[in-house]
A.B. asks: 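Got a structure for you, written out below as structure tokens; questions coming shortly.
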Amino acid sequence: MDFTIVTPSYRQLDWLACCIASVADQEGVTVEHIVQDAQTEGFAEFAEKMRQRWPDREGYRRVMISEPDNGMYDAVNKGLKRGSGRICAYLNCDEQYLPGALRRVKNQVAADPGPDLWVGDVIVVDSSGQALCQRKVLPPTRRHTWSCHLSALTAATFFRAPVIESNFFFDPSYRAAADAEWFVRLLQAGKKIGRLGLVCSTFVEGDRNPIS
């Protein structure tokens with residue numbers, strides 16, 4: 001598989017349907033989408049609806065699992081451990097890839113073998129899906145991430161499978177800051193982060209998910 005995409009899920013089935021569609025509709029790549037749910041009520045019925053609407057096909061498969069976890073980043077870790085893609089990412093339920101995004105990411109990664117991770121740009125939208133702005137992303141630095149804020153958005157972050165194979169999983173004990181701590185740990189280990197310069201996905205801004 002070219003890509004493993006993990007989506008942590010809990011009580012966001014309406015958003016999750018759009019997220020699933022955005023991965024299933026990608027063309028020009030092979031992709032497995034692992035949905036790691038924390039026992040949302042009605043998930044089994046929802047999974048069956050998704051199977052009928054977006055069935056597996058050549059080059060695309062989706063695995064939908066519902067089991068206990070210790071929070072979002074534990075769910076992401078579980079999904080990554082199940083994956084087999086050469087490029088990995090995680091996409092939250094209320095985030096979506098833009099059409100053709102994964103093909104462009106694959107081509108960029110193939111043309112730039114140096115980095116271990118890449119960060120892309122996103123379209124910030126409100127809860128109704130209306131575009132608010134484009135967020136251009138710079139690769140994070142260790143000092144800025146620790147002292148200010150994570151400059152990257154994980155909706156447009158991609159990394160090679162060897163990052164996970166070398167045991168760089170998320171630390172769920174950091175809770176909401178686990179993505180920032182993960183980037184800092186990678187930078188401390190000398191991992192290289194590249195900038196895609198591509199608009200890859202949408203990110204929902206709201207009270208639960210602020211942009212800054």
Side-chain angles (χ1 to χ4, degrees), residues 1-106 120 122-132 153-158 164 170 172 176 179 199-209:
M1 285 288 183
D2 295 322
F3 288 89
T4 292
I5 309 299
V6 177
T7 295
S9 162
Y10 186 57
R11 295 181 178 177
Q12 289 187 296
L13 298 186
D14 289 343
W15 281 112
L16 179 56
C18 295
C19 175
I20 286 172
S22 81
V23 178
D25 288 343
Q26 296 294 314
E27 297 179 343
V29 294
T30 58
V31 58
E32 59 183 5
H33 190 187
I34 301 173
V35 179
Q36 191 75 39
D37 179 73
Q39 297 187 302
T40 299
E41 184 177 356
F43 185 79
E45 294 80 4
F46 172 82
E48 176 57 24
K49 290 180 181 178
M50 295 299 99
R51 186 192 66 79
Q52 294 179 17
R53 189 168 183 181
W54 289 286
D56 289 1
R57 62 179 186 274
E58 185 177 358
Y60 169 77
R61 74 182 187 100
R62 186 176 62 257
V63 180
M64 300 188 69
I65 300 154
S66 190
E67 63 185 11
D69 60 47
N70 292 318
M72 168 183 165
Y73 288 100
D74 183 43
V76 173
N77 289 341
K78 286 175 179 284
L80 290 172
K81 290 175 182 178
R82 291 185 162 104
S84 61
R86 292 184 291 275
I87 304 169
C88 303
Y90 81 85
L91 189 69
N92 290 321
C93 290
D94 57 357
E95 299 166 347
Q96 300 170 40
Y97 288 130
L98 298 178
L102 295 187
R103 181 181 66 248
R104 294 193 295 272
V105 170
K106 177 185 174 182
V122 303
I123 299 296
V124 180
V125 302
D126 63 21
S127 58
S128 66
Q130 293 297 309
L132 299 175
L153 294 173
T154 55
T157 296
F158 301 88
I164 293 301
F170 294 91
D179 51 358
V199 182
C200 300
S201 53
T202 63
F203 173 93
V204 178
E205 181 182 19
D207 293 339
R208 186 189 61 81
N209 205 21

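Here the structure is a predicted model, which means the values were calculated and not measured.
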A.B. asks: Nearest heavy-atom pair of Cys19 and Asn92: which atoms, and what distance?
C.D. replies: SG-O, 3.6 Å
A.B. asks: Quick one: list whatever passes side chain to side chain contact (heavy atoms under 4.5 Å, CB included) with Ala17, sequence neighbours left out.
C.D. replies: Phe46, Met50
A.B. asks: Could you pull out all residues at least two apart from Phe3 that satisfy ring-ring contact (aromatic ring centres under 6.0 Å, His included)?
C.D. replies: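 Partners of Phe3 by the ring-ring contact (aromatic ring centres under 6.0 Å, His included) criterion come out as none, since no residue qualifies.
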A.B. asks: Considering only heavy atoms from C-beta outward, does the side chain of Glu95 approach that of Ser201 to under 4.5 Å?
C.D. replies: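 No, every pair of side-chain atoms sits at 4.5 Å or beyond.
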A.B. asks: Is a side-chain N or O of Thr7 found less than 3.5 angstrom from the main chain of Leu91, in a donor-acceptor match?
C.D. replies: yes
A.B. asks: With sequence neighbours excluded, what pairs up with Asn70 under the side chain to side chain contact (heavy atoms under 4.5 Å, CB included) test?
C.D. replies: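 Here the qualifying residues are Asp74.
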A.B. asks: Does a side chain donor of either Thr4 or Glu32 reach within less than 3.5 Å of an acceptor in the other side chain?
C.D. replies: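 Yes, because at least one side-chain N or O of Thr4 sits under 3.5 Å from a partner of the opposite role on Glu32.
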A.B. asks: Only pairs at least two apart or in different chains count here, so list each salt bridge (charged side-chain N to carboxylate O under 4.0 Å, His left out) that has a residue in residues 82-93.
C.D. replies: Asp2-Arg86, Glu67-Arg82
A.B. asks: Strictly by side-chain hydrogen bond (donor to acceptor under 3.5 Å, both in side chains), give each pair with a member in residues 18-29 just once, sequence neighbours left out.
C.D. replies: none
A.B. asks: Quick one: list whatever passes ring-ring contact (aromatic ring centres under 6.0 Å, His included) with Phe170, sequence neighbours left out.
C.D. replies: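 Testing Phe170 for ring-ring contact (aromatic ring centres under 6.0 Å, His included), a comparison that skips the adjacent residues, returns Tyr73, Tyr90, Trp182.
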A.B. asks: Any heavy-atom pair between the side chains of Val105 and Tyr97 that's under 4.5 Å?
C.D. replies: no
A.B. asks: Write down the atom of Cys200, the atom of Ala156, and the distance for their closest heavy-atom approach.
C.D. replies: CB-CB, 3.9 Å
A.B. asks: Can you confirm whether Gln39 sits close enough to Ser66 that some side-chain heavy atom of one is under 4.5 Å from a side-chain heavy atom of the other?
C.D. replies: yes
A.B. asks: Would you check if Trp15 and Val204 make a side-chain contact, meaning some heavy-atom pair closer than 4.5 Å?
C.D. replies: yes
A.B. asks: Can you find a heavy atom in the side chain of His33 that is under 4.5 Å from one in the side chain of Val35?
C.D. replies: yes
A.B. asks: Within the 4.5 Å heavy-atom criterion, are Arg51 and Met64 side-chain neighbours or not?
C.D. replies: no
